[in-house]
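The structure appears right after this line, and notes come after that.
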Amino acid sequence: PEPTGDRPAEGRQQGRHHTDQHGDRPGRLDAMDCITDALSFFRQSCGRWRSQRSQHHLLHRRAEAGASLVEVAMVEADDPRLTALAELHKMDPSAVVGGCHVRWSGSMAWDRAGENHDSETVFALLPEDSKGCEGFLLRDMGYSVKEPVAGRFRLDEEKSLWLSTNYEMMDSGECFWFAGPNTRLRTSTVQGLSNTASLCMETRVLDGYQPAPANQAVATTSSLLGW
């Protein structure tokens with residue numbers, strides 16, 4: 001279940017020993033002061049990440065391990081790709097506040113010979129509230145279908161980002177949060193034709209990394225829901 005309730009303002013300013021839904025992590029509170037809305041959450045996510053995943057197949061009662069390399073780059077609100085996404089979904093392009101370009105390259109323990117998980121996607125954020133914490137997330141490629149899809153985003157009071165997408169035959173959801181500036185955690189569920197639950201731990205790649213421009217077709221990155 002999603003967390004509810006308000007976190008006292010003084011918990012951030014005075015309480016470096018405040019315990020939130022993610023545990024007593026003073027360093028996390030300091031690092032997350034820069035996250036004020038969904039767009040700033042994605043900005044904090046920019047860079048290159050190594051992801052370790054444990055995916056549980058509920059029908060088979062088995063767990064599968066996987067690993068991936070994920071690269072996230074910001075895309076400005078006036079980028080033609082974001083304008084095209086908004087128009088495709090019959091939404092106002094002027095409501096787009098920005099987005100990201102994501103590339104991923106990964107593998108799972110049960111992969112067949114020659115199977116890979118390399119791809120990329122672009123998504124746009126269209127907030128519905130004045131704080132920029134809730135609204136639509138438009139992607140040029142979904143998880144279960146390789147075509148544009150519209151989902152929802154919500155940044156809660158603990159600065160965790162929730163994503164949800166409803167497909168014709170399945171529903172998917174993810175929750176992201178930072179354990180620190182260079183550590184991100186993710187849980188995800190897929191319900192429908194395939195029922196899975198996953199936990200990912202992602203660590204930022206720091207040494208010698210130079211971000212590639214978002215308009216270069218470089219195969220690097222991985223995410224269950226394709227962002």
Side-chain angles (χ1 to χ4, degrees), residues 1-4 21-23 38 41-42 45 48-72 99-125 134-156 158-179 183-205 219-227:
E2 298 182 5
T4 58
Q21 68 180 44
H22 308 300
F41 187 100
F42 286 116
S45 298
R48 206 175 191 186
W49 300 80
R50 296 191 185 278
S51 178
Q52 297 291 326
R53 177 189 304 165
S54 176
Q55 181 165 309
H56 300 266
H57 299 264
L58 305 183
L59 179 63
H60 302 290
R61 298 183 180 180
R62 294 182 62 185
E64 179 185 19
S68 58
L69 186 65
V70 183
E71 186 174 337
V72 183
C100 283
H101 177 259
V102 183
R103 308 181 182 106
W104 62 91
S105 177
S107 62
M108 297 296 292
W110 296 357
D111 285 349
R112 300 181 181 88
E115 186 176 2
N116 66 66
H117 303 273
D118 299 358
S119 192
E120 59 186 309
T121 189
V122 173
F123 67 82
L125 288 173
E134 186 170 359
F136 289 99
L137 186 144
L138 311 180
R139 293 195 297 270
D140 66 351
M141 182 179 66
Y143 167 60
S144 68
V145 291
K146 304 305 180 184
E147 61 187 35
V149 64
R152 303 279 307 178
F153 72 85
R154 182 176 68 85
L155 184 74
D156 69 17
E158 300 291 352
K159 300 185 180 181
S160 299
L161 183 71
W162 300 80
L163 306 180
S164 61
T165 308
N166 299 321
Y167 300 93
E168 184 177 353
M169 301 295 291
M170 62 188 294
D171 298 325
S172 60
E174 282 189 301
C175 178
F176 300 77
W177 69 94
F178 285 91
T183 304
R184 195 176 70 171
L185 299 172
R186 178 196 319 192
T187 61
S188 59
T189 59
V190 177
Q191 300 177 351
L193 293 177
S194 63
N195 294 300
T196 62
S198 302
L199 172 65
C200 298
M201 174 175 285
E202 300 170 336
T203 54
R204 192 186 300 273
V205 178
T220 34
T221 77
S222 181
S223 169
L224 179 65
L225 298 184
W227 82 262

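Throughout, residue positions are numbered sequentially from 1 according to the sequence presented. A quick note: this is a predicted structure, and the numbers were derived from the prediction, not measured.
- Taking OG1 of Thr189 as the reference point, atom CG of Asp171 lies at 8.5 Å (rounded to 0.5 Å).
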Problem set entry | Worked verdict on Glu174 versus Trp162 for side-chain contact (heavy atoms from CB on, under 4.5 Å) | CA-CA 6 Å; Glu174 282 189 301; Trp162 300 80; over 6 Å; no
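- What you find for Leu155 and Ala38 is that their closest heavy atoms are CD2-N, 3.9 Å.
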For this session: Evaluate the criterion side-chain contact (heavy atoms from CB on, under 4.5 Å) for residue pair Phe176 and Arg184; output intermediate values, then yes/no.
Result: CA-CA 7 Å; Phe176 300 77; Arg184 195 176 70 171; 3.9 Å; yes
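- A search for side-chain contact (heavy atoms from CB on, under 4.5 Å) contacts involving Arg50 returns Leu69, Thr203, Val205, not counting sequence neighbours.
- A search for side-chain contact (heavy atoms from CB on, under 4.5 Å) contacts involving Asn195 returns Leu58, Gln191, not counting sequence neighbours.
- Distance check: Glu120 CD to Asp140 CG gives 8.0 Å after rounding to the nearest 0.5 Å.
- Leu161 places none of its side-chain heavy atoms less than 4.5 Å from the side chain of Phe178.
- Between Phe41 and Phe153, the distance from one ring center to the other does not fall under 6.0 angstrom.
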For this session: Apply side-chain contact (heavy atoms from CB on, under 4.5 Å) to Thr187 and Trp177, showing your working.
Result: CA-CA 9 Å; Thr187 61; Trp177 69 94; 3.9 Å; yes
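- Atom CD in Gln52 sits 11.0 Å away from atom CG in Leu199 (nearest 0.5 Å).
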Exercise. Would Thr165 and Arg139 satisfy side-chain hydrogen bond (donor to acceptor under 3.5 Å, both in side chains), going step by step from the backbone distance to the final call?
Worked result: CA-CA 10 Å; Thr165 308; Arg139 293 195 297 270; 3.3 Å; yes
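- Nearest heavy atom pair, residue Cys100 against residue Val72, reads SG-CG1, 3.8 Å.
- Interatomic distance, CG of Asn166 versus CZ of Arg152, reported as 10.5 Å (0.5 Å rounding).
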Exercise. Given the rule in the side-chain contact (heavy atoms from CB on, under 4.5 Å) test, do Phe42 and Leu137 qualify, once you have shown the distances and angles that lead to the verdict?
Worked result: CA-CA 12 Å; Phe42 286 116; Leu137 186 144; 3.9 Å; yes
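- For Arg204, there are no salt bridge (Lys or Arg N to Asp or Glu O under 4.0 Å) partners two or more places apart in sequence or in a different chain.
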